[in-house]
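Counting starts at 1 for both ligands and their atoms, in listed order.
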Amino acid sequence: METVTDAKGAWQECMKHIQGRVNNLSYKTWFEPVVPVSLDSESLVVKVPSQFFHDWLEEHYSSVVNESVKLVMGENARVEYTISEEDMSDSEPQFYRPPQPGQASQQHFTATKLTAKPPFESNINPRYTFDNFIKGDSNQFARAAAYAVANNPAGTSFNPLVVYGGVGLGKTHLIQAIGNFARQSGKAERVLYVSSERFTVDFVDAIQKDRANEFSNFYRSMDILIVDDIQFFAGKEKTQDNFFHTFNALHQSGKQIILSSDRPPKELKGVDDRLVSRFTWGLTVDVQPPDLETRIAILRKKSEDDGIHMPEDVIEYVAANVTSNIRELEGSLISILAKASLNNREISVDLAKEVVRSLAVSRKTAVTVEDIQKIVADVFDVTEEQLRGKTRKSEIVIARQTAMYLTKELTQLPLKTIGSQFGGRDHSTVIYACQIISDQLANDDRFREKYDRIKKKIEMIGM
Ligand code: ADP
Ligand code: MG
C-alpha cells in the first residue's frame with residue numbers, strides 16, 4: 001500500500017475501498033460529495049454537505065467507512081465529520097445537497113467587510129439565491145419585485161416589500177436571496193435575517209437582561225432587515241410595539257425592510273392596526289403554488305444540481321402527483337434517491353410511485369388530537385381527562401399547553417377546534433398556550449428535550 005500523507009490522498013485511498021463495497025448509485029450519492037479537509041496521525045477530517053447527509057452516512061455506512069479508514073491509516077484511525085458551513089445557518093428540514101464546487105462557504109464569510117459597527121451573524125443561507133430560484137407564473141411577480149429591491153435596497157417604492165403565500169412556496173428562499181444578492185453585489189453591508197419568533201425571543205430576553213436599548217440599536221443599525229413569518233407576531237403586543245418603532249426608525253433613515261407572511265397583511269389577526277398599515281406602505285406580492293411546468297422545471301433543476309440522473313418519466317410522474325408545494329417536491333426527490341440508493345434499485349416510475357404513495361399515506365394518517373393527548377398525558381404522567389379538564393395545577397397546565405402546542409404544530413386544525421378539543425376552551429387560550437410553550441422551548445433546554453421526545457413519539461404513529 002502506498003503511504004498517504006495528505007488528507008486528499010488518504011480519502012482517495014478510502015474511496016477506492018468504499019467503491020468496492022457499496023453500489024454505484026450509493027457511491028455517487030453519498031461518497032462523491034464528501035470532501036477531505038485535514039489529516040493527522042489518527043483522524044481524517046472530511047466535510048459533508050449537511051447534517052442530514054452526515055446522519056445518513058453515520059446510520060448506513062459507518063462500518064464501511066471505518067473499515068476503509070483503518071485499512072488505509074491503521075487500526076486507531078478514525079474519520080471525523082464537519083458539516084459545510086453553507087448548511088449551518090439552515091434551520092429548515094435538511095435535504096440532501098452536495099457541495100457546489102468553487103462555492104466555498106468560508107470565502108463567503110470572510111468576504112464580509114468589517115465596519116466600525118460590530119460584526120454579526122446575518123443568518124442568511126448562502127444557498128438561497130436568485131440563480132437557483134426557478135421562475136414560473138406562480139412566483140414571477142414576487143421574484144421580479146424581490147430582484148428590484150435587491151438591486152436597489154430602499155431605493156424603490158417597495159419598502160417594505162411583503163411576500164406572502166402558503167408553506168413551502170419559496171418565501172424564505174426569495175427574501176433571503178435578496179439579502180445574498182445585496183451583500184454580494186455591495187448594495188448593502190449590514191443585512192439581517194430573523195424569523196418573527198426569533199425577534200420575539202430576543203426581545204423578551206433583552207428586556208429580562210435589561211438590554212432593551214442594545215437590542216433596539218442593533219436592529220436599527222441594519223441596512224436591510226428581513227423578518228420572516230410575521231404572522232407569528234400575533235398577540236405579542238410588547239414585541240409588536242418594539243417592532244413598530246424599529247420599523248419606523250429604519251424606514252425613516254432610508255433602510256430597506258422585507259417581510260414575509262402566510263397571508264396578506266390586512267388579514268393578519270392579533271396584529272396592531274398601526275403596524276398592519278405600515279406593512280402596506282410599500283409593495284405586497286404573493287407566491288402561489290407552482291403549476292405543472294414549473295414543478296417539472298424545479299425537479300429537473302434540483303436533480304441536475306445534485307448530479308443525479310432522473311429519467312424524464314420519473315420527473316413527469318412526480319410533478320403530476322406532488323402538487324402542493326415545492327418543499328414536498330424536494331422531499332419526494334430525496335426519498336426516491338434514498339430508496340434507490342439503499343435498496344440498490346434503479347430510479348424508475350415504479351419507485352417514484354411507491355414514494356409518492358407513502359407521502360400521501362403519511363399525510364392522510366395525520367395524527368389526531370386523541371393521539372397527542374394520549375402521548376402527552378403518558379409522558380407528563382397525568383391523565384387525558386386532566387388535559388381536557390379544568391385543573392389549574394401547574395404540572396397539569398404545562399402538560400395541557402404542551403399538548404395544545406403540539407396539536408397546532410402537527411395537525412391542520414384551526415385554533416378554535418383545538419380549543420374545543422381541550423375541554424371547550426376558546427382560541428385565545430390556545431394562542432396563549434402556544435406562546436408560553438414557544439418561549440419555554442427557546443429558553444429551557446431540558447424542556448425542549450422532553451418536547452422533542454414527545455414529538456418523535458407522536459410522529460411515529462403515522463409510520
Ligand atoms: P416557504 O418559506 O414559503 O415556506 P421555502 O422558501 O422554505 O418556502 O421553500 C421551501 C423549499 O423549496 C426550499 O428548499 C426552497 O429552496 C425551495 N424552493 C421554493 N421555491 C423555489 C423555486 N421557485 N425554485 C427553486 N427552489 C424553490
Ligand atoms: Mg419560510
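Listed for the Gln240 side chain is a donor-acceptor partner under 3.5 Å among the backbone atoms of Asp272.
At least one heavy atom of Lys302 sits closer than 4.0 Å to an atom of ligand 1.
Close contacts of ligand 1 with Phe133, meaning ligand atoms under 4.0 Å from a residue heavy atom, involve 20 (N), 21 (C), 22 (C), 23 (N), 24 (N). For ligand 1, the atoms closer than 4.0 angstrom to any heavy atom of Asn139 are 23 (N). Remark: ligand 1 atoms within the under-4.0 Å shell around heavy atoms of Gly166 are 3 (O). Each of the atoms 16 (O) of ligand 1 lies under 4.0 Å from some heavy atom of Tyr128. Ligand-side atoms of ligand 1 in range of Asn132: 24 (N), 25 (C), range being under 4.0 angstrom from any heavy atom. Under a 4.0 Å criterion applied to the non-hydrogen atoms of Val167, ligand 1 contributes the atoms 4 (O).
A cation-pi arrangement is not found for Arg400 relative to Phe422, the charged atom failing to lie both closer than 6.0 Å to the ring centre and inside a 45° cone about the ring normal.
Residue nearest to atom 16 (O) of ligand 1, selected from His173, Lys301, Arg143: His173 (by heavy-atom distance). When the heavy-atom distances from atom 22 (C) of ligand 1 to Ile134, Ile175, Asp305, Val287 are ranked, the shortest goes to Ile134.
Classification of the Phe130-Tyr147 ring pair by plane angle, with boundaries at 30° and 60°, yields perpendicular.
Looking at Ile326 next to ligand 1, no N or O pair under 3.5 Å apart turns up. At least one N/O-N/O distance between Gly168 and ligand 1 falls below 3.5 Å. Annotation: Arg327 places an N or O atom under 3.5 Å from an N or O atom of ligand 1; distance criterion only.
Neither the backbone nor the side chain of Lys135 comes within 4.0 Å of ligand 1, counting heavy atoms alone.
Scanning for salt bridge (charged side-chain N to carboxylate O under 4.0 Å, His left out) contacts around Arg453 gives an empty result, with sequence neighbours left out.
Ser324 and Glu328 are linked by a side-chain donor-acceptor pair at a separation below 3.5 angstrom, with hydrogens and angles left out of the test.
Within the model, atoms CD1 of Ile178 and CZ of Phe158 stand 11.0 Å from one another, a figure rounded to the nearest 0.5 Å. The structure places OG of Ser438 at 10.0 Å from OH of Tyr451, a figure rounded to the nearest 0.5 Å. For the atom pair Lys47 NZ and Trp11 CH2, the distance stands at 14.0 Å (nearest 0.5 Å).
Contact check on Glu214 versus Lys209 returns no salt bridge, with no Lys/Arg side-chain nitrogen under 4.0 Å from an Asp/Glu carboxylate oxygen.
Within the coordination shell of the Mg ion (ligand 2), defined by N, O or S atoms under 2.8 Å, Thr172 is present.
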